[in-house]
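All values below come from the heavy atoms of this structure, side chains included, with hydrogens, waters and symmetry mates left out. Per chain, numbering begins at 1; letters A, B, ... match sequence-line order.
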2 protein chains.
Amino acid sequence: MFTIGVLARRAQCSVPAVRFYEAQGLMPPAERREGGHRVYGRPDLARLLLIRRLRDLDVPLDRIKAFLKLDEGGKPCAETLAFFQEQRDAIRQRIEALRDLDLSLSLHMANCQSGCLPAAKACDLYGALST
Amino acid sequence: MFTIGVLARRAQCSVPAVRFYEAQGLMPPAERREGGHRVYGRPDLARLLLIRRLRDLDVPLDRIKAFLKLDEGGKPCAETLAFFQEQRDAIRQRIEALRDLDLSLSLHMANCQSGCLPAAKACDLYGALST
DNA sequence: GTGCCACCTCAAGTAACTTGAGGTTCAAGG
DNA sequence: CCTTGAACCTCAAGTTACTTGAGGTGGCAC
């Protein structure tokens, strides 16, 4: 049993974000103490961590919400597996895109280093990334 | 010389986005025809492509703006190289994070496939990503 | 000359939070 | 027991990077 501050730290997110997730229905309405302070337990942390992981993948909140609801309904693995596979495909694509970008950045830097170092000339910036 | 629609298509972005970049000072105020329609040339496309590439890296608009201005001033390579190196570091970090995520997704899926297939039981969702 | 699509401006909406104002609760120290 | 400071509360407004919509013009084909 811990406070919202502790929960947030453990999930690497801000306190207002946790409250926001509750307001949006991604986190269940938290139990409260006498004074109104929210109290959380281990399952809440697990849920929040899941939300954050999916957010790191840029899965939008309403998709996460639907997914969590699906899981609450005790749906069979098939749908869960499909969802995860979808995320893995998205990850693969993004890694490829990032590698592409990295390559063109490195090409430009090589260009720049050989072409510009002698004089303090400016780099040919647009040529670099636009091809 | 081409229209905003053609420009946008070539840079894989929306027409309003191009106008938005102009309003924000990332694109220079475009030349206009008699009727008021914007006209663009090759350098505009190069600039827009650069902006989009950097946006794909989640570089915020004001950072891109500062960078473009730096380049316009004809600053020496050193600063440009530093900027690019920074982006490459960011790319590397993001690729690693994505690989991490992919790993934990795959572990979960393996778990799920062996544990849940016989019965149509639900997966242990929270345990999957939260550890 | 009349469609019709692409363009124009301006205002408002969206996602996912963050920041701020103004006020309460809680645990520790005196 | 009292106070003090951090952590909590709610509610409203701000932020970023656009998108969407309304209402209206430009340009070209037939």
Using residues 10-30 of chain B as the side-chain source, report each donor-acceptor pair under 3.5 Å to any protein atom, sequence neighbours left out, with the distance given to one decimal.
unit_1: B/Ser14; atom_1: OG; unit_2: B/Ala17; atom_2: N; d: 3.1
unit_1: B/Tyr21; atom_1: OH; unit_2: B/Arg52; atom_2: NH1; d: 2.8
unit_1: B/Glu22; atom_1: OE1; unit_2: B/Arg38; atom_2: NE; d: 2.9

Between [atom2] on [N] and [atom1] on [X], what's the gap in Å once rounded to a whole number?
{"X": "B/Lys65", "N": "D/dA17", "atom1": "NZ", "atom2": "C1'", "result": "14 Å"}
{"X": "A/Met1", "N": "D/dC8", "atom1": "CE", "atom2": "P", "result": "16 Å"}
{"X": "A/Glu34", "N": "D/dC9", "atom1": "CD", "atom2": "C1'", "result": "15 Å"}
{"X": "B/Glu22", "N": "D/dC18", "atom1": "CD", "atom2": "P", "result": "15 Å"}
{"X": "B/His37", "N": "D/dC28", "atom1": "NE2", "atom2": "C1'", "result": "12 Å"}
{"X": "B/Gln24", "N": "D/dC18", "atom1": "CD", "atom2": "P", "result": "10 Å"}

With five pairs defining each end axis, the helix from C/dG1-D/dC30 to C/dG30-D/dC1 comes out bent, to 10°, by 0°
With DNA chain C as reference, determine whether B/Ile4 or A/Leu61 sits nearer its 5' end, using the nearest nucleotide of each.
B/Ile4
Please compare B/Gly35 and A/Arg55 by the position of their nearest nucleotide in DNA chain C and report the one closer to 5'.
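The answer here is B/Gly35.
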Considering only heavy atoms of chain A and a distance under 4.0 Å, specify the first and last nucleotide of DNA chain C in 5' to 3' order that meet this criterion.
C/dA16 to C/dA27
Residues within residues 8-19 of chain A bordering DNA chain C, heavy-atom distance below 4.0 Å:
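Residues of residues 8-19 of chain A under 4.0 Å from DNA chain C: A/Ser14, A/Pro16, A/Ala17.
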side-chain hydrogen bond (donor to acceptor under 3.5 Å, both in side chains) contacts touching residues 54-64 of chain A (sequence neighbours left out):
A/Asp58-A/Arg94, A/Arg63-A/Glu86
For A/Arg63, report the nucleic acid contact type (base, sugar-phosphate, nothing); a contact means any heavy atom under 4.0 Å.
nothing
Minimum-distance pair of heavy atoms, taken over all atoms of A/Leu98 and B/Ile91:
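Nearest pair, atom of A/Leu98 first, then B/Ile91: O-CG2, 3.7 Å.
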Mind listing the closest non-hydrogen atom pair of B/Ser106 and B/Leu103 along with its distance?
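Distance-wise, the nearest heavy atoms are OG-O, 2.8 Å.
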On DNA chain D, check which nucleotide each of B/Arg52 and B/Arg33 is closest to and give me the residue with the more 5' one.
B/Arg52
Please examine the side chains of B/Leu48 and B/Asp44, heavy atoms only from C-beta on, and report whether any two atoms are closer than 4.5 Å.
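Side-chain contact under 4.5 Å: no.
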Taking the side chain as C-beta and beyond, is there a heavy-atom pair between A/Arg9 and A/Val6 under 4.5 Å?
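SC-SC contact between A/Arg9 and A/Val6 confirmed.
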Measuring from B/Ile51:CD1 to B/Arg53:CZ, what's the distance to the nearest 0.5 Å?
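Reported value, rounded in 0.5 Å steps: 14.0 Å.
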Which value, rounded to the nearest 0.5 Å, describes the distance between A/Leu50 atom CG and A/Leu45 atom CG?
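A/Leu50 atom CG to A/Leu45 atom CG measures 11.0 Å (nearest 0.5 Å).
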Fit a plane to each ring of B/Phe67 and B/Phe84, take the angle between them on a 0 to 90° scale, and name the class: parallel (under 30°), tilted (30 to 60°) or perpendicular (over 60°).
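Perpendicular, since the angle between the ring planes exceeds 60°.
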Please identify each residue that fulfils ring-ring contact (aromatic ring centres under 6.0 Å, His included) with A/Tyr40, with sequence neighbours left out.
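Counting only residues at least two positions away or on another chain, A/Tyr40 forms no ring-ring contact (aromatic ring centres under 6.0 Å, His included).
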Below 4.0 Å: OP1/OP2 of D/dC9 and any side-chain N or O of A/Arg38
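True: A/Arg38 side-chain N/O within range (under 4.0 Å) of D/dC9 OP1/OP2.
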Checking side-chain hydrogen bond (donor to acceptor under 3.5 Å, both in side chains) between B/Asp89 and each of B/Gln87, B/Gln85, B/Arg92, which is the one that passes?
B/Gln85
